[in-house]
Engineer: 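Take this structure, written in structure tokens, and hold onto it; I'll ask about it next.
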Amino acid sequence: MGTEKNIVLFGFMGTGKSAIARLLGERLDRPVVEMDEVIEEQEGMTISRLFMEKGEAYFRNRERELVGELSQAGGKIIATGGGVILNPDNIRELKRNGVLICLTASPEVILKRVRDEVHRPLLEGGDRLEMIRKILEERRLLYDRIDHQIDTSDMTVEQVVEEIFTMAN
Ligand code: S3P
């Protein structure tokens with residue numbers, strides 16, 4: 001599985017990036033980097049709060065810097081934030097040392113998976129299903145550009161991990 005390469009998971013929120021990254025990390029005995037968590041730690045606040053206090057542009061710049069650092073070397077499992085695909089430079093850099101995989105799911109499944117969560121700044125203050133549909137549509141071409149695609153709507157975390165093994169070998 002491109003032994004030294006990073007395995008980089010993209011996809012909208014609720015597509016399973018974090019859970020799948022964790023299991024892949026265990027199976028392959030590799031470090032897992034959850035980009036949102038790293039930024040929360042570095043900034044000393046949650047992503048929601050960061051959006052409120054410093055704005056989305058600031059957060060995107062922090063993502064951009066972190067991508068630069070993570071792309072320097074391989075060997076990791078990286079769960080990106082759902083908006084990392086918004087900047088094509090992020091994709092280009094992560095590709096240097098990485099196998100890129102995009103996880104997808106239907107809007108209904110995404111809604112079910114994020115329903116009880118409050119830390120989703122992009123889905124605040126409106127009909128969530130509508131907002132999910134709208135953002136997915138806006139980003140569809142960007143997500144589609146990732147080499148490998150897996151629709152996780154009807155799959156367990158185990159099944160997705162199996163598929164990634166097959167895909168990358
Ligand atoms: C975002 C997704 C979130 C987080 C931030 C913005 C997005 O990450 O980075 O709220 O723009 O789609 P997850 O996809 O891990 O929820």
Side-chain angles (χ1 to χ4, degrees), residues 6-25 31-71 76-94 98-146 148-153 155 157 160-161 164:
N6 293 315
I7 296 176
V8 190
L9 302 180
F10 295 88
F12 196 61
M13 52 188 92
T15 52
K17 301 183 297 280
S18 306
I20 290 157
R22 265 197 304 275
L23 189 57
L24 270 173
V32 176
V33 180
E34 172 82 43
M35 287 187 57
D36 284 347
E37 273 177 20
V38 174
I39 294 173
E40 287 185 335
E41 246 166 61
Q42 290 174 344
E43 293 290 323
M45 64 179 92
T46 64
I47 302 291
S48 294
R49 202 176 171 110
L50 195 59
F51 265 64
M52 274 190 315
E53 292 195 1
K54 301 196 175 172
E56 182 172 348
Y58 177 87
F59 171 71
R60 297 301 175 200
N61 285 333
R62 294 293 303 113
E63 273 187 326
R64 182 78 201 91
E65 285 165 18
L66 183 55
V67 162
E69 288 164 29
L70 297 174
S71 304
K76 307 176 282 297
I77 312 294
I78 301 173
T80 65
V84 163
I85 40 86
L86 292 170
N87 188 333
D89 290 340
N90 286 338
I91 312 279
R92 195 173 37 78
E93 273 186 19
L94 285 164
V99 178
L100 311 191
I101 298 170
C102 186
L103 306 177
T104 65
S106 69
E108 291 75 15
V109 168
I110 289 173
L111 178 67
K112 220 186 291 169
R113 290 181 184 161
V114 304
R115 182 146 29 208
D116 299 325
E117 300 183 4
V118 286
H119 62 277
R120 304 292 187 179
L122 290 183
L123 302 180
E124 297 306 321
D127 179 315
R128 281 190 148 190
L129 187 58
E130 276 314 306
M131 293 170 96
I132 290 167
R133 286 210 177 102
K134 179 167 168 287
I135 303 172
L136 275 180
E137 195 47 42
E138 286 167 3
R139 295 182 177 175
R140 194 152 53 89
L141 294 177
L142 298 170
Y143 288 127
D144 282 355
R145 285 170 56 186
I146 305 295
H148 303 287
Q149 303 274 330
I150 304 178
D151 184 348
T152 67
S153 301
M155 294 172 83
V157 172
V160 178
V161 166
I164 292 174

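One-based numbering, in listed order, for ligands and for the atoms of each. Small disclaimer: the values here were computed from a predicted structure and weren't measured.
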Engineer: Within a distance under 4.0 Å of any heavy atom of Pro121, pick out the atoms of ligand 1 and give their elements.
Structural biologist: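 Numbered from 1, ligand 1 contributes 10 (O).
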
Engineer: Is it the case that the side chain of Asn6 and the backbone of Lys76 share a donor-acceptor pair, with hydrogens and angles ignored and the cut-off at 3.5 Å?
Structural biologist: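 Yes: the side chain of Asn6 pairs with the backbone of Lys76.
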
Engineer: Where is the tightest heavy-atom contact between Glu63 and Gly81, given as atom of each residue plus distance?
Structural biologist: OE2-CA, 4.1 Å

Engineer: To which protein heavy atom is atom 9 (O) of ligand 1 closest, and what is the distance rounded to 0.1 Å?
Structural biologist: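 Of every protein heavy atom, Asp36 OD1, 2.8 Å lies nearest to atom 9 (O) of ligand 1.
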
Engineer: For atom 16 (O) of ligand 1, grab the closest protein heavy atom and report residue, atom and distance to one decimal in Å.
Structural biologist: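 Checked against all protein heavy atoms, atom 16 (O) of ligand 1 sits closest to Arg120 NH1, 2.2 Å.
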
Engineer: Under 3.5 Å, is there a donor-acceptor pair between the side chain of Ser153 and the main chain of Ser106?
Structural biologist: yes

Engineer: Which residue supplies the protein heavy atom nearest to atom 12 (O) of ligand 1, what is that atom called, and how far is it?
Structural biologist: Arg139 NH1, 2.8 Å

Engineer: Identify the closest protein heavy atom to atom 2 (C) of ligand 1: which residue and atom is it, and at what distance?
Structural biologist: Gly82 N, 3.4 Å

Engineer: Please list the nearest protein heavy atom to atom 5 (C) of ligand 1 with its residue and the distance rounded to 0.1 Å.
Structural biologist: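 Answer, as residue, atom name and distance: Ile47 CG2, 3.8 Å.
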
Engineer: Please answer whether the main-chain N or O of Gly82 pairs with a side-chain N or O of Tyr143 as donor and acceptor at a distance below 3.5 Å.
Structural biologist: yes

Engineer: Please evaluate residues Arg64 and Glu93 with respect to the criterion side-chain contact (heavy atoms from CB on, under 4.5 Å), reporting the C-alpha separation (whole Å), side-chain torsions for both, the decisive distance (0.1 Å), and the verdict.
Structural biologist: CA-CA 10 Å; Arg64 182 78 201 91; Glu93 273 186 19; 3.0 Å; yes

Engineer: Purely on distance, is any nitrogen or oxygen of Glu34 under 3.5 Å from one on ligand 1?
Structural biologist: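 No; every N/O pair is 3.5 Å or more apart.
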
Engineer: Please determine whether side-chain contact (heavy atoms from CB on, under 4.5 Å) holds for the pair Ile20 and Ile101, giving the CA-CA distance in whole Å, both sets of side-chain angles, and the decisive distance to 0.1 Å.
Structural biologist: CA-CA 11 Å; Ile20 290 157; Ile101 298 170; over 6 Å; no

Engineer: Enumerate the atoms of ligand 1 whose separation from the nearest heavy atom of Lys17 is less than 4.0 angstrom.
Structural biologist: 13 (P), 14 (O), 15 (O)

Engineer: Given that the side chain starts at C-beta and the backbone is N, CA, C, O, which of these parts of Glu37 lies under 4.0 Å from ligand 1, counting heavy atoms, or is it both or neither?
Structural biologist: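 Under 4.0 Å from ligand 1, Glu37 contributes no heavy atoms.
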
Engineer: With a cut-off of 6.0 Å (strictly less than), are more than 12 heavy atoms of other residues, nucleotides or ligands near NZ of Lys134?
Structural biologist: no

Engineer: Report yes if Leu122 has an N/O atom closer than 3.5 Å to an N/O atom of ligand 1; otherwise report no.
Structural biologist: no

Engineer: Numbering the atoms of ligand 1 from 1, which are under 4.0 Å from a heavy atom of Phe59?
Structural biologist: 9 (O)

Engineer: Report, in ascending order of atom number, the atoms of ligand 1 lying under 4.0 Å from any heavy atom of Gly81.
Structural biologist: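 In order of numbering, the contacting atoms are 8 (O), 9 (O), 14 (O).
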
Engineer: Please check: side-chain N/O of Arg60 versus main-chain N/O of Asn87, any donor-acceptor pairing under 3.5 Å?
Structural biologist: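 Here the side-chain-to-backbone pair does not exist.
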
Engineer: Between Arg60 and ligand 1, which part of the residue brings a heavy atom under 4.0 Å of the ligand: side chain, backbone, both or neither?
Structural biologist: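 The side chain, only.
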
Engineer: Examine distances only and state if a side-chain atom of Glu40 and a backbone atom of Thr46 form a donor-acceptor pair shorter than 3.5 Å.
Structural biologist: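 Side chain of Glu40 to backbone of Thr46, a donor-acceptor pair under 3.5 Å: no, none is there.
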
